[in-house]
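Position 1 is the first residue of the sequence; numbering continues from there. Whatever order the structure lists ligands and atoms in, that order sets their numbers, starting from 1.
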Amino acid sequence: MRFAASWLCALQFVAGIALAQTPSAIYEPEHGQPGKDVVWVPTPEIMVDTMIDLAKVTADDYVIDLGSGDGRLVIAAAKRGARALGMEYDDNLVRYSMRSAEQQGVADKAQFVKADIFASDFSQATVLTLFLLPDMNLRLRPQFLAMKPGTRIVANYFGIGDWSSDTAVRLPETEKCGNYCVAYLWIVPANVTGVWHMPQGELTLTQSHQYFKGSLRTGSGTAQLQGRVSGDALNFIVDGVSYHGRVSGDVIEGTVGNEGASVGWTARRKPK
Ligand SMILES: C[S@@+](CC[C@H](N)C(=O)[O-])C[C@H]1O[C@@H](n2cnc3c(N)ncnc32)[C@H](O)[C@@H]1O
């Protein structure tokens with residue numbers, strides 16, 4: 001009787017292994033399979049590295065991939081030592097990604113959640129990765145622009161409306177990268193719109209993404225200016241004099257003057 005029971009156990013064990021290895025039990029995603037707002041098409045492996053390089057991902061980063069598919073961008077970021085999270089609506093893809101992260105030894109750093117990216121908070125990321133349709137990127141743009149200045153957003157192939165990228169890398173469409181071979185990088189700019197008081201006068205700025213224009217009104221007149229914000233760093237020139245500064249909320253602090261003869265300046269934004 002004991003003999004029969006142990007045989008039964010052994011048979012159950014073997015049957016268990018066989019079932020786990022039946023092809024129908026192993027889920028494999030298919031290119032072009034339906035997704036909630038966009039189908040699953042993976043970023044080519046060579047572009048995954050290009051995107052991670054372009055964003056300069058390090059172990060200090062928290063990377064979130066919006067619509068993470070089979071998890072490849074998240075796993076690649078984790079292999080660079082970053083903490084990384086994939087937000088994906090499809091349950092099967094979430095489980096598949098978790099398994100891949102486990103198999104590739106990065107499950108402690110690469111995590112995945114079933115989530116609708118349009119109903120999720122991803123504001124804590126220091127790097128966002130995207131391979132979404134243009135209308136999806138555009139819909140998410142207000143959230144992107146509200147992220148901490150300096151956050152890097154890197155997208156495969158599709159842009160974010162009229163927000164021009166800070167850098168782009170185009171790979172030749174060869175065997176290694178058949179389609180979707182352009183990576184774009186945006187650095188979230190600080191918001192500088194408004195009227196700022198500074199010792200030299202009153203600075204009025206309007207902004208379109210990383211570019212701004214405006215005027216500086218002083219006792220001796222009003223000068224027009226234009227400049228650029230990269231993360232929290234702002235630069236402009238008025239009447240041949242260079243201003244550099246760092247924006248922190250409603251304060252800008254920096255230096256004014258040309259090389260060798262610069263002094264500090266501070267500006268405070270006027271409450272609306
Ligand atoms: C083009 S694939 C990109 C996959 C992956 N990021 C990559 O680059 O390889 C887009 C992914 O977004 C997922 N997706 C579509 N709509 C979504 C939504 N509203 N929330 C979360 N994921 C979504 C799809 O299931 C698909 O896996």
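- Using a 4.0 Å heavy-atom criterion, the residues that approach ligand 1 are G35, K36, D37, V38, V39, W40, V41, P42, T43, D65, G67, S68, G69, R72, L73, E88, Y89, L93, A115, D116, I117, F118, F131.
- Within 6.0 Å of CD on Q104 lie more than 12 heavy atoms contributed by other residues, nucleotides or ligands.
- Heavy atoms of other residues, nucleotides or ligands lying less than 6.0 angstrom from NZ of K176 number 12 at most.
- Counted by atom type alone, W40 and E30 present zero donor-acceptor pairs between their side chains at under 3.5 Å.
- Both the sub-6.0 Å distance and the 45° axial angle are not jointly satisfied by R95 relative to the ring of Y27.
- By the neighbour-count criterion of 12 heavy atoms within 6.0 Å, atom CD of E102 is sparsely surrounded, having that number or fewer from other residues, nucleotides or ligands.
- The aromatic rings of Y243 and F236 lie parallel to each other, their planes meeting at an angle below 30°, with 60° marking the opposite boundary.
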